[in-house]
Amino acid sequence: MQPFGILLIHGFGGGLWELAPLEKELVKLGHLCHSVRLPGHDEQGRITSTVDVEDFGATVLKAYDLLKKDRLPLVVIGFSMGALLAAWLATVRNPEKIILINTPIHIGQPNAVLHWLQQDWQHKDTKYTRILISNAFRQRPDRNLLFLAVRKRYLPALQHVDVPVFLAQSFWDETVQLRSIKKALEYLPKPPELVKHYANSRHHLCDGPDFPLFLQDLLQFIEQPHSIRTP
């Protein structure tokens, strides 16, 4: 199997743990992986310092160029805000392929929040409730303004992507609306190689029940030399 250099970019207000299960599996298969921490983020995903929107692009660009020195074909995987940064990277560099997970075009899906709260109630658990509360209080409210500025800066890049794309979307994503994937298809100048919805997953696809299927799809995508386009 051809080894790849793989750059993994986490989401806004998140951290390396969001893609850690995926990175672990890719390393086992012999790929050279590098996860980049977005500027201003601490280890818990809190945004603790003032950053400019251009710092996000500069950070991922530097990480990409360092990985490129190993002379392997490069793949970029972006989760949530990282997906927009991956798309932007594809317009200023030339990776072999990009994987965009839960691309944040339209934000907030209350029916998904209700779904997971109902799951807690049915299973007499508080797993999702605790996650929801933790996420709500991790960031200062004004950080939402930075999120909107970063999204505005890097979202237009989707219209200029000219490399093979795998679009992945969690069906029960409480953060990114399902219609985001439809909008991404409108933005992209040519159809993606692969488009998949994952029926049992919340925003963090890589720690949910659909992760094995997602990993299988991702490996097929990066190893396939020809189109594997699906409806």
Side-chain angles (χ1 to χ4, degrees), residues 6 8-26 35 38 45 75-87 97-123 125-136 138 147 151 154-155 158 165-188 192-222 228-231:
I6 300 179
L8 301 103
I9 310 171
H10 69 77
F12 185 92
L16 303 185
W17 71 86
E18 293 176 317
L19 292 171
L22 177 58
E23 180 175 7
K24 180 180 178 181
E25 295 301 321
L26 292 171
S35 290
L38 295 180
V75 171
V76 182
I77 302 173
F79 166 71
S80 197
M81 183 59 73
L84 294 181
L85 294 168
K97 300 180 179 184
I98 61 174
I99 294 94
L100 310 181
I101 308 168
N102 296 336
T103 309
I105 299 176
H106 298 291
I107 306 302
Q109 192 162 219
N111 65 320
V113 175
L114 181 60
H115 168 81
W116 293 112
L117 291 174
Q118 288 174 333
Q119 291 293 303
D120 274 1
W121 181 79
Q122 290 172 7
H123 295 97
D125 194 2
T126 60
K127 177 181 177 181
Y128 177 72
T129 304
R130 285 183 278 109
I131 291 172
L132 183 65
I133 293 171
S134 174
N135 290 342
R138 188 166 66 238
F147 169 83
R151 185 181 61 172
Y154 296 101
L155 178 59
L158 281 172
V165 176
F166 171 16
L167 274 178
Q169 176 67 49
S170 300
F171 188 84
W172 293 110
D173 189 330
E174 72 280 14
T175 301
V176 175
Q177 294 181 22
L178 281 176
R179 63 188 178 122
S180 290
I181 199 168
K182 181 179 180 180
K183 196 65 178 179
L185 290 169
E186 295 175 3
Y187 279 135
L188 290 167
E193 295 285 314
L194 184 61
V195 180
K196 290 292 289 285
H197 287 87
Y198 295 92
N200 306 295
S201 293
R202 52 183 290 269
H203 188 53
H204 289 93
L205 176 59
C206 291
D207 66 3
D210 292 319
F211 176 62
L213 176 59
F214 168 65
L215 177 61
Q216 176 182 314
D217 291 336
L218 184 149
L219 293 173
Q220 180 189 11
F221 171 68
I222 65 173
I228 53 172
R229 188 171 299 135
T230 62

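Just so it is clear, the values below take in all heavy atoms, side chains as well, and ignore hydrogens, waters and symmetry mates.
Between the D120 side chain and the Y128 main chain, a donor and an acceptor come within less than 3.5 Å of each other. Judged purely by atom type and a 3.5 angstrom limit, Q177 uses its side chain to pair as donor or acceptor with the backbone of G108. Judged by distance alone, the side chain of D210 and the main-chain N or O of S170 form no donor-acceptor pair under 3.5 Å. In this structure a side-chain-to-backbone donor-acceptor pair under 3.5 Å is present from E18 to G11. At least one donor-acceptor pair closer than 3.5 Å links the side chain of K97 to the backbone N or O of F221.
For the atom pair CG of N102 and CG of L167, the computed distance is 10.0 Å after rounding to the nearest 0.5 Å. Separation of atoms NZ (K183) and CD (E186) is listed at 4.5 Å; rounding is to 0.5 Å. Interatomic distance, CG of L117 versus OG1 of T129, reported as 5.0 Å (0.5 Å rounding). Taken from CZ in R130 to CG in D125, the straight-line distance is 6.0 Å, to the nearest 0.5 Å. Once rounded to the nearest 0.5 Å, the distance linking NZ of K196 with CZ of F166 reads 6.5 Å. Here CZ of R179 is found 10.0 Å from CD1 of I105. Values are rounded to the nearest 0.5 Å.
Contact record, P104 with V176: CA-CG2, 3.8 Å, taken as the closest heavy-atom pair. Residues A87 and I98 share a closest heavy-atom pair of CA-CD1, 4.0 Å.
A heavy-atom distance below 4.5 Å is found between the side chains of I222 and L219. Contact annotation: the side chain of L22 approaches that of F214 to within less than 4.5 Å [non-hydrogen atoms, C-beta and beyond]. Two residues are said to be in side-chain contact when any heavy atoms from C-beta on lie closer than 4.5 Å; W17 and H10 fail this criterion. For the pair T103/S180, no side-chain contact is recorded, criterion being any heavy-atom separation below 4.5 Å from C-beta on. The shortest side-chain heavy-atom distance between Y187 and L155 falls under the 4.5 Å cut-off. Residues R151 and I107 are in side-chain contact: their nearest non-hydrogen atoms beyond the backbone lie under 4.5 Å apart.
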- Message: Working note: V165 + V195, criterion side-chain contact (heavy atoms from CB on, under 4.5 Å); need CA distance, chi angles, decisive distance, verdict.
- Response: CA-CA 8 Å; V165 176; V195 180; over 6 Å; no

- Task: Just do the side-chain contact (heavy atoms from CB on, under 4.5 Å) check on F171 and L178 with the steps written out, would you?
- Result: CA-CA 7 Å; F171 188 84; L178 281 176; 3.6 Å; yes

- Applying side-chain contact (heavy atoms from CB on, under 4.5 Å), run through I101 and I77 and close with a yes or a no. CA-CA 8 Å; I101 308 168; I77 302 173; 3.8 Å; yes

- Between I9 and M81, does a side-chain contact (heavy atoms from CB on, under 4.5 Å) hold up when you go through it step by step? CA-CA 8 Å; I9 310 171; M81 183 59 73; over 6 Å; no

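Between the side chains of H203 and S80, a donor-acceptor pair is found at a separation under 3.5 Å.
Taking the six-membered ring where the residue is Trp, F12 and F147 present perpendicular rings, their angle passing 60° and hence far from 30°.
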